[in-house]
A.B. asks: 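Once you've had a glance at the structure underneath, I'll fire off some questions.
Keep in mind that the numbers below use all heavy atoms, side chains included, and drop hydrogens, waters and symmetry copies. All figures in this text were calculated on a predicted structure; none of them were measured in a lab.
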Amino acid sequence: MATELPAIAILPVPFSPEQVIIALAVLIPALVIFNFLLISEEVFESIGFGFYQAVLATAGALIGSLINVPLIPAGEAVIAVNVGGAVIPLIVTLGMVARGLPRPQTLAAIVIVSVVAYIFATPVPGLGITMPFYIAPLAGAAAGLLLARGCHAAPGLAYAGGTMGTLLGADILNLANPAVLTALAGGKTTVLSIGGAGIFDGIFITGVLSVLLAGFAGRRLREKAGVCPQERWE
């Protein structure tokens, strides 16, 4: 008598507990990074970029976060600019302005966030300039919503304010202070990077979170509070 076998049989694979732990340690971060890449690509599309431009901006921000370009020697320190954390956000912001993001509101958003960032930023010798991760995204989103009155421009203003305001208030204004430079260098030859903190640095995450917060809150305002009725169903 013939024996029927299933077309697809899933057999147990004898993984050891150590192998399972290693696999999870690799798989979980990979999934988190992959999903974050998808979210960031959607964020760039939501502020007016096409698909390929969004992918290019995301890849540029991630790869560029590993590249520091030396600019100015300052005593024992060298001030550099990070490609992913400073150059790419500047290009994205200028691109949004060229596409019609209102210049006065953009400038106002940058000024508002820069003041907040300067207040909360703390220079730490041997570590850099630190700030609670939620301050800049919340400030950027709030500035975008306030200046756009909850309308469609809020995410773009949130990105510009969150990224460029943090660069100006936390990095540039602090690095312009000789006492801060000396303290951060600590008597050693040091590279102080504007916008640089490695892959997934604070500026990149600030831009993404600012847009997400402003987009979600703006949509709720349009649906529930009746602001921007012409955009209610967007």
Side-chain angles (χ1 to χ4, degrees), residues 39-49 53-54 57-58 60-61 64-65 81-82 84-122 129-176 194-197 201-222 225 227-228 230-231 234:
I39 292 172
S40 63
E41 183 271 326
E42 290 288 340
V43 162
F44 283 115
E45 284 195 77
S46 72
I47 56 178
F49 284 74
Q53 293 172 321
T58 300
S65 65
V81 61
N82 185 266
V87 177
I88 296 298
L90 177 60
I91 293 174
V92 171
T93 299
L94 293 176
M96 290 190 296
V97 171
R99 285 177 168 84
L101 192 68
R103 295 183 183 183
Q105 287 91 327
T106 301
L107 180 60
I110 293 172
V111 170
I112 290 172
V113 179
S114 67
V115 172
V116 174
Y118 184 75
I119 292 172
F120 284 93
T122 303
I129 299 171
T130 65
M131 183 171 61
F133 78 94
Y134 53 86
I135 295 295
L138 287 175
L145 290 167
L146 177 65
L147 294 168
R149 298 181 180 179
C151 295
H152 192 64
L157 293 174
Y159 180 89
T163 56
M164 304 312 296
T166 303
L167 285 172
L168 178 60
D171 284 0
I172 295 176
L173 291 181
N174 275 292
L175 294 179
I194 297 174
D201 63 79
I203 302 299
F204 182 80
I205 295 175
T206 291
V208 171
L209 293 181
S210 296
V211 172
L212 291 176
L213 290 172
F216 174 78
R219 189 177 301 112
R220 298 292 294 179
L221 286 172
R222 291 193 292 272
V227 300
C228 298
Q230 72 276 15
E231 297 180 4
E234 291 186 3

A.B. asks: Hey, what do you get for CD1 (Ile203) to OG (Ser65), rounding to the nearest 0.5 Å?
C.D. replies: 12.0 Å
A.B. asks: Is there a donor-acceptor contact under 3.5 Å from the side chain of Thr130 to the main chain of Thr122?
C.D. replies: yes
A.B. asks: For the side chain of Asp171 and the backbone of Ile194, is there at least one donor-acceptor N/O pair under 3.5 Å apart?
C.D. replies: no
A.B. asks: Which heavy atom of Ala141 sits nearest to which heavy atom of Ser210, and what is that distance?
C.D. replies: CB-O, 3.8 Å
A.B. asks: Is there side-chain contact between Thr166 and Met131, with heavy atoms separated by less than 4.5 Å?
C.D. replies: yes
A.B. asks: Just verifying a value: how many Å separate Thr58 OG1 and Gln53 CD, rounded to the nearest 0.5 Å?
C.D. replies: 11.5 Å
A.B. asks: Any idea which heavy atoms bring Ala136 and Thr206 closest together, and the distance?
C.D. replies: CB-CG2, 3.6 Å
A.B. asks: Quick check for you: to the nearest 0.5 Å, what is the distance between Ile110 atom CD1 and Leu157 atom CG?
C.D. replies: 9.5 Å
A.B. asks: Could you report the tightest heavy-atom contact between Val116 and Ala139, atom names first, then the distance?
C.D. replies: CG1-CB, 4.0 Å
A.B. asks: Begin with the C-alpha distance, continue with both residues' side-chain angles, and end with the deciding distance and a verdict on side chain to side chain contact (heavy atoms under 4.5 Å, CB included) for Val43 and Leu212.
C.D. replies: CA-CA 7 Å; Val43 162; Leu212 291 176; 3.8 Å; yes
A.B. asks: Report the distance from atom NE2 of His152 to atom CG of Leu101, rounding to the nearest 0.5 Å.
C.D. replies: 10.5 Å
A.B. asks: Nearest 0.5 Å please: distance from the OH atom of Tyr134 over to the CG atom of Leu213.
C.D. replies: 14.0 Å
A.B. asks: Would you compute the distance between atom CG of Leu173 and atom OH of Tyr118 and round it to the nearest 0.5 angstrom?
C.D. replies: 6.5 Å
A.B. asks: Would you check if Leu175 and Ile129 make a side-chain contact, meaning some heavy-atom pair closer than 4.5 Å?
C.D. replies: yes
A.B. asks: Side chains of Ile47 and Val211: does their closest heavy-atom pair fall under 4.5 Å?
C.D. replies: yes
A.B. asks: What are the two closest heavy atoms between Ala61 and Ile88, and how far apart are they?
C.D. replies: N-CG1, 4.0 Å
A.B. asks: State, to 0.1 Å, how close Leu167 and Ala86 come at their nearest heavy-atom pair, and which atoms those are.
C.D. replies: CD1-CA, 3.8 Å
A.B. asks: Please work out which of the three classes, parallel, tilted or perpendicular, describes the rings of Phe49 and Phe44, given edges at 30° and 60°.
C.D. replies: perpendicular
A.B. asks: Does a side-chain heavy-atom distance below 4.5 Å link Pro89 with Tyr159?
C.D. replies: yes
A.B. asks: Taking all non-hydrogen atoms of both residues into account, name the closest pair between Gly169 and Asn174 and its distance.
C.D. replies: O-ND2, 3.5 Å
A.B. asks: Start with the C-alpha distance between Ile205 and Phe133, add both sets of side-chain angles, then the distance that settles side chain to side chain contact (heavy atoms under 4.5 Å, CB included), and finish with yes or no.
C.D. replies: CA-CA 9 Å; Ile205 295 175; Phe133 78 94; 5.8 Å; no
